[in-house]
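From a predicted model like this one, the values you see are computed outputs, not experimental measurements.
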Amino acid sequence: MCGRVIQSSSPLRLAIVEGLDASDSRMKNIRPRYNAAPSQELLVIRENLKTGKRSLDLLKWGLIPHWCADPRGGRRPINAKAESISKLPTFREAYARRRCILPVDGFFEWRAIKGARAKCPYAIAMKDGSPSGLAGLWENWRNPNTGEWERTFAIITVPSNSLVEQIHDRMPAVLKPTTYARWLGSEPDPCDLLITYPSEPMTMWPISTRVNAPEHDDPSLLDRTVDQNDWQSPLPTIPDEKRSIRR
């Protein structure tokens, strides 16, 4: 799963989709996020399928299907598995009609250590420091009690590549820039885009357990620490080119 991400770049740098106008003045007061967590508002890229206009908007992390009758919004999943999004009622309509991209500077994952009480957190990002686009779904939900609208999203996950697999078996679906337009467009089932991103362009390093608390949200969270379990043998890996997602 993916439960924390980094959005520390300026909105203009996170406007990674061609043709996206993110110069709106409302973006000036958006603060950098070094430990963005579920239930928080994050910058998400969407496309209006009627007009073709692309926008960078704040949506809350934790999807609420538009048909949800629970005034509290139900369980609000933060992730959706690529293998089942076209089938599950919670995700299938959003997958067909309301796809989005979450631009990030990186994300976090935790490594479970046998016999240890606490998991070791890692930061994962591109080696060149560039932002990347995670595949997502978004929804508009109207609270039946208040009549207010709430825009929410979830991140799609796929099997991990040989780098991330050393700590977890799932990772976010990282989109290649050449596929952004297709993912945001009207194609009902672009499942071939939900692939495991290759490990070579990515890097991963251990960080402080301070990241476990969402209230810790500062650049020092990204400092490399010493993982006391680095001496352990890594998990068996499968070459990235041999991986596939079965639908």
Side-chain angles (χ1 to χ4, degrees), residues 1-16 22 27-45 56 58-62 76-79 101-113 116-136 152-158 160-175 197 199-232 234-235:
M1 65 175 294
C2 177
R4 301 289 174 80
V5 299
I6 308 164
Q7 272 194 350
S8 56
S9 290
S10 68
L12 289 178
R13 189 163 185 261
L14 292 173
I16 56 178
M27 294 293 168
K28 291 182 179 179
N29 296 323
I30 296 184
R31 67 183 183 89
R33 293 278 190 177
Y34 298 92
N35 189 16
S39 79
Q40 295 177 350
E41 288 189 329
L42 298 177
L43 290 170
V44 172
I45 298 169
L56 186 64
L58 286 170
L59 275 69
K60 188 173 292 186
W61 188 2
R76 306 189 182 210
I78 63 172
N79 294 152
I101 296 174
L102 177 70
V104 300
D105 295 287
F107 58 94
F108 301 125
E109 195 49 81
W110 282 255
R111 179 185 183 184
I113 306 299
R117 294 180 59 187
K119 295 181 179 181
C120 178
Y122 283 75
I124 304 161
M126 295 298 168
K127 288 178 181 176
D128 63 4
S130 63
S132 56
L134 307 186
T152 62
F153 75 95
I155 296 172
I156 299 173
T157 67
V158 295
S160 293
N161 59 28
S162 56
L163 175 71
V164 181
E165 188 187 45
Q166 297 178 60
I167 62 171
H168 203 277
D169 62 352
R170 305 286 298 183
M171 66 179 283
V174 181
L175 296 167
Y197 198 81
S199 18
E200 197 284 326
M202 305 178 76
T203 184
M204 180 172 74
W205 66 98
I207 59 174
S208 167
T209 53
R210 289 181 62 240
V211 74
N212 295 350
E215 58 266 26
H216 297 151
D217 191 3
D218 58 81
S220 68
L221 288 175
L222 304 181
D223 292 345
R224 180 183 292 271
T225 62
V226 177
D227 180 358
Q228 300 299 324
N229 299 280
D230 277 347
W231 58 269
Q232 296 185 351
L235 298 173

Task: Val164 and Ser199, any side-chain heavy atoms less than 4.5 Å apart - done: no
Open item on the list: Any heavy-atom pair between the side chains of Leu43 and Ile30 that's under 4.5 Å?
Closed with: yes
TODO: Determine whether the side chains of Thr225 and Ser208 contain a donor N or O and an acceptor N or O closer than 3.5 Å.
DONE: no
- [ ] Taking Asn79 for its side chain and Cys2 for its backbone only, find out whether a donor-acceptor pair lies under 3.5 Å.
- [x] yes
Open item on the list: As an exercise, state the distance from CG of Asp218 to CG of Asn35, rounded to the nearest 0.5 Å.
Closed with: 9.0 Å
- [ ] Determine the minimum heavy-atom distance between His168 and Arg170, stating which atoms define it.
- [x] ND1-N, 3.0 Å
TODO: Sort out for me which residue in Val5, Leu102, Val44 forms a side-chain contact (heavy atoms from CB on, under 4.5 Å) with Trp61.
DONE: Val5
Open item on the list: Tell me whether Arg4 is salt-bridged to Glu109, with the criterion being a basic N under 4.0 Å from an acidic carboxylate O.
Closed with: no
TODO: Rounded to the nearest 0.5 Å, what's the gap from CG on Leu222 to OG on Ser8? Could you check?
DONE: 6.5 Å
Open item on the list: Let me confirm one number: the CD-CZ distance from Glu41 to Phe153, rounded to the nearest 0.5 Å.
Closed with: 10.0 Å
Task: Nearest non-hydrogen partners of Leu56 and Pro103, listed with the distance - done: CD1-CG, 4.4 Å
Task: Under 3.5 Å: donor-acceptor pair, side chain of Arg33, backbone of Gln7 - done: no
Open item on the list: Let me confirm one number: the CE-CE distance from Met171 to Met202, rounded to the nearest 0.5 Å.
Closed with: 4.0 Å
TODO: Would you confirm whether Asp217, through its side chain, and Ala36, through its main-chain N or O, come within 3.5 Å as a donor-acceptor pair?
DONE: no
- [ ] State, yes or no, whether a side-chain contact exists between Val174 and Leu134 at a heavy-atom distance under 4.5 Å.
- [x] yes
- [ ] Look up atom CD1 in Ile155 and atom CD1 in Ile78, then write down how far apart they are to the nearest 0.5 Å.
- [x] 7.0 Å
Task: pair Arg111-Tyr122: side-chain heavy atoms closer than 4.5 Å - done: yes
Open item on the list: For a quick check under 3.5 Å, do Ser160 and Asp169 share a side-chain donor-acceptor pair by atom type?
Closed with: no
Task: Heavy-atom side-chain contact between Ile124 and Trp205 under 4.5 Å - done: no
TODO: Indicate yes or no for a side-chain donor-acceptor contact from Trp110 to the backbone of Ile167 under 3.5 Å, with no hydrogens or angles considered.
DONE: no
TODO: Could you tell me whether a side-chain N or O of Lys119 sits under 3.5 Å from a main-chain N or O of Thr209, the two making a donor and an acceptor?
DONE: no
Open item on the list: Side chains of Ile6 and Phe107, heavy atoms from C-beta outward: is any pair under 4.5 Å?
Closed with: no
TODO: With the side chain counted from C-beta on, respond yes when Lys127 and Pro201 share a heavy-atom pair under 4.5 Å apart, and no when they do not.
DONE: no
Open item on the list: Would you say Ser220 and Arg210 are linked by a side-chain donor-acceptor pair, where the criterion is simply a distance under 3.5 Å?
Closed with: yes
Open item on the list: Minimum heavy-atom separation for Asp128 and Ser130, please, with both atom names.
Closed with: OD1-OG, 2.7 Å
TODO: Determine whether Ile45 and Ile16 make a side-chain contact, defined as any pair of heavy atoms from C-beta on separated by less than 4.5 Å.
DONE: yes
